[in-house]
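Report on the following structure.
Just so it is clear, the structure is predicted and the values come from calculations on it, not from any experiment.
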Amino acid sequence: MMLTPVVMKLDLGAELANELNIEEVFSFNLFGMHISVDESTVVSWVIIVVMTILALILTRGFKVEGEISRRQAFMEMLYEKGEDFFKSILNEKTYDFIPWLMSMALFIGVSNIIGIFGPTVFGSLKPPTKSMQVTAAMAITSIVIVEFANIRDKGLFGRIKAYAKPLWIIAPINVLELFTKPLSLCMRLFGNVLAAFTIMELLKIVTRNTLLPMVFSLYFDIFDGLLQAYIFVFLTSIYLAEATEEDETEVPKEKKNKKGRLKKTKTA
């Protein structure tokens, strides 16, 4: 009688560890280097391919002029809603990043909820965002785009000069933000997705052959997964807006110079 709880505890831990483990799908050697491709990478490829095919199917036959179909009207409405949301955060200098932000939101959202479509003929589909290498890659990509927007707006010298604002003594802190921002994006997405996945797997193991996991899946798999996608692109949008905003410290000097020139003109 005393052994039963111990055995259940060991089985529970083993099953949970098996679900959390990211297994290797295939590997190969390239120029003497061993390259391993795990399941999170493969699932990410599958998501990208499926989303690309769906995009081609859904946008097939779209017209620029003339009467449009209901499908085109519906898709345009969705795009306009998303565009209005991002325009409320961004400024005109960064509007050209809206398609990328939308694509990132869709990819993260689908990646987070992919677990509800398993098991399949390929086995159980695990969210690729529960792998830190996937979330780190997306976070680094976001910060690279933010820095690109910053340099495009202020120039390379202006970006370097901005590290010493408002005082040169805080330059190390400003430089540190280059690492803390992607780290926070990565760890926030990874931690929340991993926690939700762990809770759901525990519920599935403990409450086998019941409908209880389906109820909790509405929150942990769907709502929380879409919420994390929203938070990721929302923070990236804020970073883009901050990177391209006007430098308020230079405005008073410009006004002072204008007043000085006007005064000098009147005196003359």
- Query: Out of curiosity, Met51 CE to Ser103 OG, how far, rounded to the nearest 0.5 Å?
  - Reply: 6.5 Å
- Query: Leu54 and Phe74: same hydrophobic cluster, using ILVMFWY side-chain contacts below 4.5 Å?
  - Reply: no
- Query: If you measure from CG on Leu240 to CZ on Phe148, what distance do you get to the nearest 0.5 Å?
  - Reply: 11.0 Å
- Task: Measure across Thr180 and Glu177 and return the closest heavy-atom pair with its distance rounded to 0.1 Å.
- Result: OG1-CA, 3.1 Å
- Item | Shortest non-hydrogen contact from Ala139 toward Pro182 | CB-O, 3.3 Å
Taking distance alone, no hydrogens or angles, what donor-acceptor pairs closer than 3.5 Å link side-chain atoms of residues 78-86 to residues at least two apart or in another chain?
none

- Item | Worked check of side chain to side chain contact (heavy atoms under 4.5 Å, CB included) between Cys186 and Met132 | CA-CA 7 Å; Cys186 168; Met132 189 177 293; 3.9 Å; yes
- Query: Do you reckon Leu189 sits in the same ILVMFWY cluster as Trp100, going by side-chain contacts under 4.5 Å, direct or chained?
  - Reply: yes
- Rounded to the nearest 0.5 Å, the OG1 atom of Thr236 sits from the CD1 atom of Ile145 at a distance of 8.5 Å
- More than 12 heavy atoms of other residues, nucleotides or ligands under 6.0 Å from CZ of Phe62: is that the case? yes
- Taking all heavy atoms of Pro127 and all of Ile114, pick out the closest pair and write down the distance. CA-CG2, 3.5 Å
- What's the shortest heavy-atom distance between Ser27 and His34, and which atoms? OG-CE1, 3.3 Å
- Could you give the distance from CZ (Arg71) to CD1 (Ile57), rounded to the nearest 0.5 Å? 9.5 Å
- Please tell me if the side chains of Phe190 and Val134 come closer than 4.5 Å, counting only heavy atoms from C-beta onward. no
- Task: Look at the side-chain heavy atoms of Ile, Leu, Val, Met, Phe, Trp and Tyr, link any pair under 4.5 Å apart, and say whether Ile238 and Ile231 land in one connected group.
- Result: yes
- Note on the structure: When rounded to the nearest 0.5 Å, the distance separating OG1 of Thr135 from CZ of Arg188 is 12.0 Å
- Task: Determine, stepwise, if the pair Tyr230 / Leu226 fulfils side chain to side chain contact (heavy atoms under 4.5 Å, CB included).
- Result: CA-CA 6 Å; Tyr230 166 80; Leu226 297 178; over 6 Å; no
- Please name the pair of heavy atoms, one in Ala55 and one in Thr59, separated by the smallest distance, quoted to 0.1 Å. O-OG1, 2.5 Å
- Message: Tell me whether Ile169 at atom CD1 has more than 12 heavy atoms from other residues, nucleotides or ligands lying less than 6.0 Å away.
- Response: no
- Is the shortest heavy-atom distance from the side chain of Met138 to the side chain of Thr129 under 4.5 Å? yes
- Query: With Arg152, which residues qualify under salt bridge (Lys or Arg N to Asp or Glu O under 4.0 Å), at least two apart?
  - Reply: Asp96
- Message: As a quick check of understanding, evaluate side chain to side chain contact (heavy atoms under 4.5 Å, CB included) for Ile98 and Lys87, giving each step before the final call.
- Response: CA-CA 8 Å; Ile98 291 179; Lys87 282 185 176 180; 3.8 Å; yes
- Under the criterion side chain to side chain donor-acceptor pair (under 3.5 Å), which of Asn150, Thr94, Asn91 is the partner of Thr244? Asn91
- Query: What distance separates Phe107 CZ from Asn112 CG, expressed to the nearest 0.5 Å?
  - Reply: 9.5 Å
- Query: Does Lys154 use its side chain to pair, donor to acceptor, with the backbone of Ala243 at less than 3.5 Å?
  - Reply: yes
- Message: If the condition is salt bridge (Lys or Arg N to Asp or Glu O under 4.0 Å), which residues does Glu76 pass it with, not counting sequence neighbours?
- Response: none
- Shared ILVMFWY cluster between Ile48 and Leu101, side chains joined below 4.5 angstrom? yes
- What's the verdict on side chain to side chain contact (heavy atoms under 4.5 Å, CB included) for Tyr163 and Leu178, showing C-alpha distance, side-chain angles and the deciding distance? CA-CA 11 Å; Tyr163 287 119; Leu178 286 174; 3.2 Å; yes
- Message: Give me the atom names and distance for the closest heavy-atom approach of Val43 to Pro128.
- Response: CG1-CD, 3.8 Å
- Task: Establish whether Trp45 and Ile53 are linked, either directly or via other cluster members, by ILVMFWY side-chain heavy-atom contacts under 4.5 Å.
- Result: no
- Going by heavy atoms in the side chains, are Leu227 and Asn192 under 4.5 Å from each other? no
